Amino acid sequence: MNLSSPPKLLLGVTGGIAAYKAAELARMFVKAGWQVQVVMTAHAAEFVTPLTFQALTGRETRGALFDSAHEAAMGHIELARWPDAIVIAPASANTLAKLAQGRADDLLSTLCLATDKPLFVAPAMNRLMWANAATQENMATLRRRGITQLGPGSGAQACGEVGEGRMWEPEQVFDAVCAALDSARDLDGVHAVVTAGPTREPLDPVRFITNRSSGKQGYAVAAALVARGAKVTLISGPTNLPTPQGVLRIDVESAEQMLGMSLAVAAEAQLFIGTAAVADYRASTIAPEKLKKSGETMTVTFSKNPDILATVRDAQPRLFMVGFAAETENLADNARAKLARKKLDLVAANWVGEGKAFDTDDNALQLFWDGGGTEIPRAAKAIVAERLVAVIAERYRLRP
Ligand code: C5P
């Protein structure tokens, strides 16, 4: 990602005692040469005054959505386009909920809805509010949409309790944002294709065979690629997931449709990441009418589906290709065999079955490439995706 010069940060401050840490954060960005525009929610102004930020940033702190003087100078849509990145620190439970729902009932939430810039949130709240299933689900939704979560940390809280929910220290937030924006540059100009989700292989007009893949890992990989500057085309089987910000999504159903679309798009791409759980077989014939209930048993004959990765590899020998290996046994041997058989540049292997990987929110991967490998320990799929894409970017740059 190319930052403007000087880089521009929109710092959202929401209502919580950690709002005082945002003052230090604003100062750090200003010291590092950034232009910083602070937008406060009404509740934030109960904790720290707008004047504090104005003095630190040299720019008038914005708060109201419909303020005619401000709207005349820089309207809220213009303001949403202005920054290179938006950081909300502290991000209250209420703000996370509003972002997850796509509300636009104050200036900050409206800006977040009207922007396509990288968005970072540093949650800060009481430990029970953070642990609440509602907050966790909201945060998971935001991560799936490509929003970067910074913290929270654990420790003593202002309310007197001890636990998870403390805002990261300003320095941690500053370092993480800078590192993310820095690394964002390394896939600039690269077109990546990601296949994701299950396929559906029809039996008749109303029935199909599919698998438990949710598409979550593939969508997270697509979001992580965008975060590093890649142009991303996501070829997706049926899922219930929102399209990550900045991703072009093409919906398909069967393996044959996924292959056709993959071949077409791969011709103009440099990276291809096959996370889809493609059905190995399809019904040899698809009944034109709904199959009727008749005998006690029923026999369906299946034919082998084309292997998408292997076919795309044959068509595009220069493409950097990553495959997934979902295994229930002999993980390393099977993954290495796949690397060679499908002529891949990298294989990401995970254990599946017994509640692992498929349709869950976390994952762990073992990566294999010719002559090497590494491990990504269990974490949220968004975090696993970021680490995987970091390795892909490095291997992609290193290849001859
Ligand atoms: O051979 P296997 O199905 O175990 O390989 C898994 C990897 O191959 C995944 O990356 C998956 O997306 C890809 N695949 C494919 N076409 C198929 C089956 C799997 O591209 N027909």
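Just so we're clear, the structure is a prediction, and the values are computed from it rather than from any experiment. Order of listing sets the numbers, starting from 1, for every ligand and every atom in it. FYI, the numbering just counts along the sequence from 1.
- Looking from atom 18 (C) of ligand 1 to the surrounding protein, the closest heavy atom is V278 CB, 3.5 Å.
- For D362 and R378, the salt-bridge test passes: some basic side-chain N is under 4.0 Å from an acidic carboxylate O.
- T141 places no side-chain N or O within donor-acceptor distance of the main-chain N or O of A100, the cut-off being under 3.5 Å.
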For F320 and F272, what are the C-alpha separation, side-chain angles and deciding distance, and is it a ring-ring contact (aromatic ring centres under 6.0 Å, His included)? CA-CA 6 Å; F320 187 95; F272 192 100; over 10 Å; no
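- Among protein heavy atoms, the minimum distance from atom 3 (O) of ligand 1 is reached at D280 OD1, 3.8 Å.
- When only interatomic distances are considered, the shortest N/O to N/O separation between A279 and ligand 1 does not fall below 3.5 Å.
- The closest protein non-hydrogen atom to atom 15 (C) of ligand 1 is I308 N, 3.5 Å.
- Residue pairs meeting the salt bridge (Lys or Arg N to Asp or Glu O under 4.0 Å) criterion with at least one member in residues 133-154: none, sequence neighbours excluded.
- Proximity to G323 (heavy-atom distance under 4.0 Å) selects the following atoms of ligand 1: 10 (O).
- The OG1 atom of T115 sits 12.5 Å away from the NE2 atom of H76 when rounded to the nearest 0.5 Å.
- Of all protein heavy atoms, the one closest to atom 8 (O) of ligand 1 is K342 NZ, 2.9 Å.
- The single protein non-hydrogen atom nearest to atom 21 (N) of ligand 1 is P306 O, 2.9 Å, given as residue, atom name and distance.
- At a 4.0 Å heavy-atom cut-off, ligand 1 does not touch A326 at all.
- Scanning all protein heavy atoms for the shortest distance to atom 12 (O) of ligand 1 gives A276 O, 2.6 Å.
- Protein heavy atom closest to atom 4 (O) of ligand 1, with residue, atom name and distance, is K338 NZ, 2.3 Å.
- Considering backbone and side-chain N/O of L309, one or more are found under 3.5 Å from N/O of ligand 1.
- Donor-acceptor pairing under 3.5 Å is recorded for the side chains of Q35 and R59.
- Applying the salt bridge (Lys or Arg N to Asp or Glu O under 4.0 Å) rule to D314 yields the partners K343; only residues at least two apart in sequence or on another chain are considered.
- Among protein heavy atoms, the minimum distance from atom 10 (O) of ligand 1 is reached at G274 O, 2.5 Å.
- The pair K342-D307 meets the salt-bridge criterion, since a charged nitrogen lies less than 4.0 angstrom from a carboxylate oxygen.
- Look at D361 and K381 and you find no salt bridge, because none of the NZ, NE, NH1 or NH2 atoms lies under 4.0 Å from a carboxylate O.
- At least one N or O atom of F324 sits closer than 3.5 Å to an N or O atom of ligand 1.
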